[in-house]
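Take a look at the structure set out below.
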Amino acid sequence: MADRPRFYLTTAIAYANNKPGLHTLYEVIGADVIARWHRMKGDDTRFLTGTDEHSVNIAQRAAEEGLSPRAFVDEKVGLFTAAEAALGIAPDRFIRTTDPDHVRSAQEMVRRAHANGDIYVGAYEGWYCPNEGFKAASDLLETAGGWRCPNHPDVELQWLTEKNWFFRLSAYQERLERWFLDNPGAVQPDYRRNEMLGFIRQGLEDFSISRAGATWGIPFPIGEDGQTAQREDGSWDPEAGTIYVWYDALINYITGAGFPDDPASFARYWPADLHVIGKDIARFHTIYWPAMLWSAGLEAPRKVWIHGWLLAADGERMSKSRGNFLDPVDFVAAFGSDGARYVTLREVAFDRDTEVSWDSFVRRYNADLANDFGNLVNRTVSMAGRYLGDDRPAPRPADGSAPLAVAWDRTLADYVGRIEACALHDALAVLWEFVGAANRFVDSEQPWTLAKAAKAGDEAAEAHLRDVLGDLVEACRLLGLAAAPFLPASAPRVLAQLGHTYAYGSDGNGGPAILDELVWGAQAADRGSVAAPEPLFPRLDVEPTVA
RNA sequence: GGCGGAGUAGCUCAGUGGUAGAGCAGGGGACUCAUAAGCCCUUGGUCGGUGGUUCAAAUCCGCCCUCCGCUACCA
């Protein structure tokens, strides 16, 4: 394990206040594909996702439902893990900010910032909803009675001042700007990087990292006097307050690598190779987070990838409250696990917002999975079995005589490049160009005509038939394997129909290095039997529920 | 207001000086191995508007219109 390259990637952790929507899980599906790709490459891969469970808001919601905060989040977390399982998402750890090691981790980070002189007690001022706590100005609702909390429009807001700890982000302005300039790949795509750079250049203000009134949170480990807030019996002084969101939620990334309990693991996996996040939290991940890490003597992540959103057909952001929400469980029921993964990642560009609709997903599924790829495998397996018997035909050598072998070289290079660049939708487009080439190859060679000639005793036709079908079987093997990170449930079925073994585990671990397997003819010497053809992606004829 | 991006076929988009492209959707055709799928052909656009530079502009420059992102403490 130690000699393998490691790859540590994370998603943002989801706020556990509701059931998950497809637009939330979209990011996790994409990250799961990247994780599987690295596992299949043979990298020592660690994929972290999870839930963010603290906050005044969650405590309030729990109280409204007559639940303890813990029971409330336990229920929500169950919905997330079930939906992720349905989508074939296989994290190496599902982290919860209520996990004990995460609590230790967040507190240690606060202590380090304090030891480094980066936090101080200041006054936090803001609009305060008596039912919910401090509210950002951008989050308020204008009513006849003035500005109000959107969740409690009948309650008058108060302008409150509270003593809180602040992090000296202002001290890191120059270093952050230099980091952006020296590491142009660290924040991507470029236009997001430019936005963040512009934000830094406007001047950075300190931000508060504690809340005095909140109780559902990680105890702030330091008292106002600068001494530990832990009492002799091990409990925490409530007067010290709790850690506010950023020193809680963001910390999950290092907890997941082993901080602070497992230094060996942490040394191996940190800094993270990739944080996949949504555009709404770009600032916190590309500006707050590196500064917090530096303050603790740790390295910034190597790359933060900022993806866009699924938009409803009217261009509106999907959300439960807007009612244009796709339920992942319904979605998987309609499209299947792999179908759901494929259509979201193919239809939505991974670097920008995209309008989607149920119809667009159905069209994409039928065109790409049922008609093009599924049918290619089906007709290939069917013809190989019917014309040649069970014995699987071998591909022609990659010496230039087989057109598909020549085309595959370019396809593979492009595919790998796109997937490594997080251009997941482009990666699939490249692969499906090859699907088209294989389908055209069938029609240009007309194996059924060759089979008739062979049956009539034409030996040259029979030899050519064997070559053509051997090439097609190989094309299907390569496609099934290459697409496995996107279609993890279907890939073993593809290979099985072709009479090939599938050596990877259910999370993509444990098999041979995929780049070796993706060479044309890599398994040409192995013998096998094609199985009975079985449709992989049944066509969808009806439009089920509307989004 | 400031900074940045975008407006190209019904839909999603590619195309940064040289006679308008792809996929899907629509129409037609030949075949038949296949999930009535695949393959071939095809309808369709004054490339947001306007003025300019140039032998030549979707592509460069000016102005205008429309839309979008960022412009600090939401989890």
Side-chain angles (χ1 to χ4, degrees), chain A residues 12-18 51-58 97 124-126 132-140 150 164 166-167 169 190-192 194-209 217 244-246 248-250 279-284 287-288 308 311 313 315 346-349 352-357 359-360 363-364 366-387 425-426 429 432-433 435-436 438-451 468-469 472 533-541:
Chain A
I13 48 176
Y15 193 42
N17 72 333
N18 217 324
T51 41
D52 178 17
E53 305 183 12
H54 293 126
S55 81
V56 174
N57 181 283
I58 281 183
T97 56
Y124 178 81
E125 290 186 320
E132 207 167 302
F134 282 100
K135 302 295 295 183
S138 60
D139 214 28
L140 298 180
N164 278 329
F166 279 74
F167 176 77
L169 183 66
D190 275 329
Y191 75 103
R192 293 291 176 202
N194 291 338
E195 288 177 0
M196 294 302 108
L197 199 48
F199 183 83
I200 292 169
R201 287 171 170 161
Q202 287 178 27
L204 297 176
E205 297 171 13
D206 299 345
F207 61 92
S208 64
I209 67 165
Y244 187 54
V245 57
W246 306 119
D248 178 346
L250 290 170
K279 63 181 184 179
D280 51 332
I281 49 178
R283 186 194 317 145
F284 309 116
I287 297 174
Y288 286 25
L311 266 26
R346 179 64 185 88
E347 201 65 9
V348 184
R352 58 170 182 269
D353 297 351
T354 305
E355 288 186 22
V356 299
S357 66
D359 284 356
S360 70
R363 271 201 303 273
R364 180 63 75 177
N366 280 337
D368 287 11
L369 290 179
N371 297 352
D372 286 346
F373 180 52
N375 186 50
L376 172 68
V377 174
N378 199 247
R379 67 201 303 210
T380 297
V381 171
S382 172
M383 287 190 287
R386 175 178 306 198
Y387 300 147
H425 57 298
D426 281 338
W432 255 254
E433 282 174 29
V435 172
N439 271 319
R440 286 189 291 277
F441 181 71
V442 173
D443 285 86
S444 67
E445 297 290 350
Q446 301 187 26
W448 49 93
T449 305
L450 293 170
V468 164
L469 289 176
L472 283 167
E534 185 189 334
L536 294 160
F537 304 101
R539 261 187 81 86
L540 300 175
D541 289 320

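Within every chain, numbering begins at 1; the chains are lettered A, B, ... in the order of the sequence lines, protein sequences first and strands thereafter. None of the values given here were measured: they were computed from a predicted structure.
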- request: Report the relative orientation of the aromatic rings in A/Tyr288 and A/Phe207; use parallel for angles under 30°, tilted for 30 to 60°, perpendicular for over 60°.
  value: parallel
Rounding to 0.5 Å, atoms CZ (A/Phe199) and CD1 (A/Ile287) come to a distance of 5.5 Å
Counting the atoms with a prime plus P, OP1 and OP2 as sugar-phosphate, which does A/Asp372 contact under 4.0 Å by heavy atoms, base, sugar-phosphate, or nothing?
sugar-phosphate
(request) May I ask you to say what A/Phe199 touches in the nucleic acid, namely base, sugar-phosphate or nothing, with a heavy-atom cut-off under 4.0 Å? (result) base
ask   = B/U35 phosphate, OP1 or OP2: any side-chain N/O from A/Asn371 under 4.0 angstrom?
value = no
Requested in this report: In whole angstrom, give me the gap between the P atoms of B/C60 and B/G15.
Outcome: 12 Å
A/Leu311 atom CG is separated from B/G69 atom C1', nearest whole Å, by 12 Å
Distances under 3.5 Å between nitrogen or oxygen atoms of protein and nucleotides 30-34 of chain B:
residue : atom : partner  : partner atom : Å
B/C33   : O4'  : A/Tyr387 : OH           : 3.2
B/C33   : O2'  : A/Ser382 : OG           : 3.3
B/C33   : O2   : A/Arg379 : NE           : 3.1
B/C33   : N3   : A/Arg379 : NE           : 3.4
B/C33   : N3   : A/Arg379 : NH2          : 2.7
B/C33   : N4   : A/Arg379 : NH2          : 3.1
B/A34   : OP1  : A/Arg386 : NH2          : 2.6
B/A34   : O3'  : A/Asn378 : OD1          : 2.8
B/A34   : O2'  : A/Asn375 : OD1          : 2.6
B/A34   : O2'  : A/Asn378 : OD1          : 2.9
B/A34   : N3   : A/Asn375 : ND2          : 3.1
B/A34   : N3   : A/Arg379 : NE           : 3.4

Walking RNA chain B from its 5' end, the first of A/Asp206 and A/Met196 to be reached, judged by nearest nucleotide, is A/Met196
Comparing nearest nucleotides in RNA chain B, the 5'-proximal residue of the pair A/Phe373, A/Ile13 is A/Phe373
Closest to the side chain of A/Arg539, out of B/A37, B/C73, B/U71, is B/A37
- Within-4.5 Å side-chain heavy-atom neighbours: A/Val468 and A/Gln446: no
May I ask you to say what A/Ser55 touches in the nucleic acid, namely base, sugar-phosphate or nothing, with a heavy-atom cut-off under 4.0 Å? sugar-phosphate
note: A/Leu369, atom CG; B/C24, atom P; distance rounded to Å ~ 14 Å
### Query
On a whole-Å scale, what distance lies between the C1' atoms belonging to B/G44 and B/G62?
33 Å
Taking B/C39, B/A37, B/A72 as options, the one with an atom nearest any side-chain atom of A/Arg440 is B/C39
Among the nucleotides B/C70, B/U71, B/G38, whichever has the atom closest to the side chain of A/Glu195 is B/C70
Between the side chain of A/Ser382 and the main-chain N/O of A/Pro533, is any donor-acceptor distance below 3.5 Å?
no
A/Asn439 (side chain) donor-acceptor with A/Asp372 (main chain) under 3.5 angstrom: yes
Next item on the list: Output yes when a side-chain donor or acceptor of A/Thr97 lies under 3.5 Å from a complementary backbone atom of A/Ala249, and no otherwise.
Entry: no
Just by distance, do the side chain of A/Ser360 and the backbone of A/Val356 share a donor-acceptor pair under 3.5 Å?
no
*asked:* If I pick the C1' atom on B/A36 and the same atom on B/U59, what distance separates them, to the nearest angstrom?
replied: 44 Å
- Message: Taking the P atom in each of B/C63 and B/C3, what is the distance between them to the nearest angstrom?
- Response: 12 Å
Dot-bracket for RNA chain B, 5' to 3', Watson-Crick and G-U pairs with both distances under 3.5 Å, [ ] for crossing pairs, | for partner on another strand, reads ((((((((.[[[[.)..(..]]]].((((.........)))).....[[[[[..)....]]]]])))))))....
With rounding to the closest Å, how many angstrom separate the C1' atoms on B/G28 and B/G51? 45 Å
Item checked: Between B/G21 and B/G45 - P atom distance, rounded Å -> 14 Å
Counting the atoms with a prime plus P, OP1 and OP2 as sugar-phosphate, which does A/Gly203 contact under 4.0 Å by heavy atoms, base, sugar-phosphate, or nothing? base
Do A/Leu472 and A/Leu469 come within less than 4.5 Å of each other through their side chains, counting heavy atoms only? yes
Base, sugar-phosphate or nothing for A/Tyr244? Non-hydrogen atoms, less than 4.0 Å. sugar-phosphate
Side chain proximity check, A/Trp432 to A/Arg346, heavy atoms < 4.5 angstrom
no
Taken to the nearest whole Å, CD1/A/Ile281 to P/B/C70 is 13 Å
Separation of B/C3 atom P from A/Arg201 atom CZ, nearest Å, is 14 Å
Do the non-hydrogen side-chain atoms of A/Met383 and A/Val442 ever get within less than 4.5 Å of each other?
yes
Just say parallel, tilted or perpendicular for the rings of A/Tyr124 and A/Phe166, cut-offs at 30° and 60°.
-> tilted
Taken to the nearest whole Å, CD/A/Gln202 to P/B/A72 is 7 Å
- prompt: Taking atom C1' in both B/C33 and B/A37, what distance in whole Å separates the two?
  reply: 11 Å
| query | Just by modelled atom types, is the A/Leu540 backbone N or O under 3.5 Å from a matching donor or acceptor in the A/Asn366 side chain? | reply | yes
Q. Sub-3.5 Å donor-acceptor pair from the side chain of A/Thr51 to the main-chain atoms of A/Glu53, do we have one?
A. no
(Q) Regarding A/Ile287, tell me which of base, sugar-phosphate or nothing describes its non-hydrogen contacts under 4.0 Å with the strands shown. (A) nothing
When rounded to whole Å, the CZ to P distance for the pair A/Phe537 and B/G38 reads 15 Å
Fill in: Close side-chain approach of A/Tyr387 and A/Leu450, heavy atoms under 4.5 Å
no
I'd like a list of close polar pairs between nucleotides 7-16 of chain B and the protein, N/O only, cut-off under 3.5 Å.
none

- Which is true for A/Gly374 with a 4.0 Å heavy-atom rule: it touches a base, it touches only sugar-phosphate, or it touches nothing? base
In whole angstroms, the gap separating P of B/A72 from CG of A/Leu169 amounts to 14 Å
- Quote, to the nearest angstrom, the P distance that separates B/G7 from B/C13. 10 Å
note: A/Asn366, atom CG; B/G23, atom P; distance rounded to Å ~ 18 Å
Classify the nucleic acid contact of A/Glu205 as base, sugar-phosphate or nothing, counting any heavy atom under 4.0 Å across all strands shown. base
